Engineer: 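Supplied in structure tokens, the structure appears directly below.
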Amino acid sequence: MDKRKDTRTPVQKRGKDKKSRILLTAKKLFIEKNYFEVSTNEIAKKTGVSIGTLYSYFSSKDDILAELLNDYNNYFLSVLKKINNQESFQAFKTDTKSWLSYLIDQLTDAEDKEFHLQIEMLSFDVPKVFDLRKKHNDQIMDLIYEYFLYYANNTSVHEIRLLSIIIFDYISALVDELLYNKRSSSEKDDIKKYGIDSIHTIIKTHLN
């Protein structure tokens with residue numbers, strides 16, 4: 001892979017816009033064709049810049065992916081912040097179903113649907129993508145664990161940890177169902193409601 005080390009950080013608006021266009025074009029191509037079938041030459045051509053200009057901002061295609069992953073991670077963290085505060089913890093305790101609905105809405109809104117599919121595929125082949133995806137999953141699972149600790153009175157820590165893993169998997173499956181399967185709005189509403197009712201029942205049954 002051709003790599004150039006001397007890249008620059010744009011300061012003026014024109015340079016920032018050009019870099020953003022390269023990233024957006026690369027992201028679109030990665031989604032349409034998948035990461036491994038896209039070259040830096042194609043990215044430059046589709047963006048309307050020379051290959052030299054592309055390499056002045058990014059040292060390689062891997063460097064472009066790294067910046068896209070960083071943007072993806074920053075947006076995820078902004079969503080995580082919305083559900084990691086005292087008000088949200090109290091809402092979980094007083095109205096668990098509404099909290100679950102809010103959590104699922106935040107997670108579905110957070111997903112860049114098409115790019116997320118590309119990330120899932122790349123996680124099997126690119127270590128940095130695998131690490132980021134695992135980090136996100138662990139952060140959500142740990143947050144669910146903290147909520148359960150806050151809620152429970154007599155349930156053991158070990159049982160709470162096991163329950164947080166199970167509920168995380170259930171919520172992940174529900175989010176994927178709502179995002180990626182073609183269904184009518186009413187069907188999605190029913191699936192979301194039934195999913196939340198089921199998760200709520202499991203929580204109420206096992207946390208005390």
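Values in this document were obtained by computation on a predicted structure and should not be read as measured data.
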Engineer: Which pair of heavy atoms, one from D63 and one from S59, lies closest together, and at what distance?
Structural biologist: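 Result for this residue pair: OD2-N, 3.0 Å.
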Engineer: What pairs of residues pass the salt bridge (charged side-chain N to carboxylate O under 4.0 Å, His left out) test when at least one of them lies in residues 114-125, not counting sequence neighbours?
Structural biologist: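 Non-adjacent pairs meeting salt bridge (charged side-chain N to carboxylate O under 4.0 Å, His left out): E120-R133.
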Engineer: Go through it in stages, so that I can follow the logic: the residues are N181 and I191, the test is side-chain contact (heavy atoms from CB on, under 4.5 Å), and I'd like the CA-CA distance, side-chain angles, deciding distance and then a yes or no.
Structural biologist: CA-CA 11 Å; N181 287 329; I191 290 169; over 6 Å; no
Engineer: If you define the side chain from C-beta out and look only at heavy atoms, does anything of L107 sit under 4.5 Å from L179?
Structural biologist: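 Answer no - side chains too far apart.
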Engineer: What are the two closest non-hydrogen atoms of V38 and L29, and how far apart are they?
Structural biologist: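 Smallest interatomic distance, heavy atoms only, reads CG2-O, 3.6 Å.
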Engineer: Mind running side-chain contact (heavy atoms from CB on, under 4.5 Å) on L162 and H206 for me, showing each step along the way?
Structural biologist: CA-CA 10 Å; L162 293 177; H206 293 281; over 6 Å; no
Engineer: Could you verify whether a donor N or O on one side chain and an acceptor N or O on the other, from S101 and K192, lie under 3.5 Å apart?
Structural biologist: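 Yes.
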Engineer: Can you tell me if K61 uses its side chain to pair, donor with acceptor, with the backbone of T40 under 3.5 Å?
Structural biologist: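 Flag not set: sc K61 to bb T40 has no pair under 3.5 Å.
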Engineer: Of the non-hydrogen atoms in I64 and A26, which two are nearest, and what is the gap between them?
Structural biologist: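 Between these two residues, the closest heavy atoms are CG2-CB, 3.5 Å.
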Engineer: Would you call D71 and K27 a salt bridge, using N to O less than 4.0 angstrom?
Structural biologist: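 Result for this pair is no, no salt bridge flagged.
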Engineer: Would you say the side-chain atoms of S172 pair up with the backbone N or O of F168, donor to acceptor, closer than 3.5 Å?
Structural biologist: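 Such a contact is found between S172 side chain and F168 backbone.
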Engineer: Before you tell me yes or no, could you show the steps for N41 and L54 under side-chain contact (heavy atoms from CB on, under 4.5 Å), namely the whole-Å CA-CA distance, both residues' side-chain angles and the distance that decides it to 0.1 Å?
Structural biologist: CA-CA 9 Å; N41 281 320; L54 182 146; over 6 Å; no
Engineer: Tell me every residue that passes side chain to side chain contact (heavy atoms under 4.5 Å, CB included) with N34, counting only those two or more places apart in sequence or in another chain.
Structural biologist: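 Result, side chain to side chain contact (heavy atoms under 4.5 Å, CB included) vs N34: F36, E37, Q118, M121.
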Engineer: So, R21 side chain and T47 main chain: donor-acceptor pair closer than 3.5 Å or not?
Structural biologist: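 Yes; judged by distance alone, with no hydrogens or angles, the pair exists.
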Engineer: Can L103 be reached from I202 by stepping across I, L, V, M, F, W or Y side chains whose heavy atoms are under 4.5 Å apart?
Structural biologist: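 Yes, it is one cluster - the side chains of I202 and L103 are joined through contacts under 4.5 Å.
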Engineer: What I'd like to find out is whether the side chain of I203 reaches to under 4.5 Å of the side chain of F148, using heavy atoms alone.
Structural biologist: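 In short, these two side chains touch, coming nearer than 4.5 Å.
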Engineer: For a quick check under 3.5 Å, do S39 and E42 share a side-chain donor-acceptor pair by atom type?
Structural biologist: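 Absent: no donor and acceptor within the cut-off.
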Engineer: Over all heavy atoms of both residues, which pair between S88 and I83 is shortest? Give the atoms and the distance, please.
Structural biologist: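 Heavy atoms only, the tightest pair is OG-O, 3.5 Å.
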Engineer: Taking C-beta and beyond as the side chain, do F115 and L68 meet within less than 4.5 Å on heavy atoms?
Structural biologist: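 With C-beta onward as the side chain, the pair touches.
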Engineer: Between atom NZ of K135 and atom NZ of K128, what is the distance when rounded to the nearest 0.5 Å?
Structural biologist: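 Here the interatomic distance stands at 13.5 Å.
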Engineer: Of all residues at least two apart in sequence or in a different chain, which pass the ring pair (Phe, Tyr, Trp, His ring centres under 6.0 Å) check with Y147?
Structural biologist: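 Result, ring pair (Phe, Tyr, Trp, His ring centres under 6.0 Å) vs Y147: F89, F92, W99.
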Engineer: Looking at K188, I'd like to know if its NZ atom is crowded, meaning that more than 12 non-hydrogen atoms belonging to other residues, nucleotides or ligands lie closer than 6.0 Å.
Structural biologist: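 Yes, because the 6.0 Å sphere around NZ of K188 holds more than 12 heavy atoms from other groups.
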Engineer: Flag yes if V175 and L77 sit in one hydrophobic cluster, no otherwise; membership is Ile, Leu, Val, Met, Phe, Trp, Tyr, and two members link when side-chain heavy atoms are under 4.5 Å apart.
Structural biologist: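 Yes, same cluster.
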Engineer: Please name the pair of heavy atoms, one in R161 and one in S164, separated by the smallest distance, quoted to 0.1 Å.
Structural biologist: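 For R161 versus S164, the nearest heavy atoms are O-OG, 2.6 Å.
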Engineer: A side-chain contact here means heavy atoms from C-beta on lying under 4.5 Å apart; do Y35 and V129 qualify?
Structural biologist: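 Heavy-atom side-chain distance check fails, nothing below 4.5 Å.
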Engineer: Report yes or no: does T201 contribute a side-chain atom to a donor-acceptor pair with the main-chain N or O of D197 at less than 3.5 Å?
Structural biologist: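 Judged by distance alone, yes, a pair lies under 3.5 Å.
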Engineer: Please determine whether residues Y180 and L178 belong to a single hydrophobic cluster, defined as Ile, Leu, Val, Met, Phe, Trp and Tyr linked transitively by side-chain heavy-atom distances below 4.5 Å.
Structural biologist: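 Linked within one cluster.
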Engineer: Side chains of F76 and L132: does their closest heavy-atom pair fall under 4.5 Å?
Structural biologist: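 No - every pair of side-chain heavy atoms lies 4.5 Å or more apart.
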Engineer: Walk me through whether D95 and Q90 qualify under side-chain contact (heavy atoms from CB on, under 4.5 Å).
Structural biologist: CA-CA 8 Å; D95 190 353; Q90 189 59 37; over 6 Å; no
Engineer: With rounding to the nearest 0.5 Å, note down the distance linking CG in L65 to CG in L23.
Structural biologist: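 So the gap between those two atoms works out to 10.5 Å.
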Engineer: Find out if a path of hydrophobic residues (ILVMFWY) with successive side-chain heavy-atom gaps under 4.5 Å connects Y150 to L143.
Structural biologist: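 Yes: a chain of side-chain contacts under 4.5 Å links Y150 to L143.
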Engineer: A side-chain contact here means heavy atoms from C-beta on lying under 4.5 Å apart; do F30 and I43 qualify?
Structural biologist: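 The answer is yes, as the side chains (C-beta and beyond) meet within the 4.5 Å cut-off.
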Engineer: Any side-chain heavy atom of L163 within less than 4.5 Å of one from I144?
Structural biologist: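 Not touching, per the 4.5 Å side-chain cut-off.
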Engineer: With a sphere of 6.0 Å drawn around OH of Y194, does it hold more than 12 non-hydrogen atoms of other residues, nucleotides or ligands?
Structural biologist: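 12 or below, so no.
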Engineer: Got a sec: does the CD of E87 have more than 12 other heavy atoms crowding it under 6.0 Å?
Structural biologist: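 Not buried by this count: 12 neighbours or fewer within 6.0 Å.
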Engineer: Considering only heavy atoms from C-beta outward, does the side chain of Y75 approach that of S78 to under 4.5 Å?
Structural biologist: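 A side-chain contact exists here, since the closest heavy-atom pair is under 4.5 Å.
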Engineer: Please check if I104 and Y170 belong to a single hydrophobic cluster, counting links between Ile, Leu, Val, Met, Phe, Trp and Tyr side chain heavy atoms closer than 4.5 Å.
Structural biologist: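 Linked, I104 and Y170 end up in one cluster.
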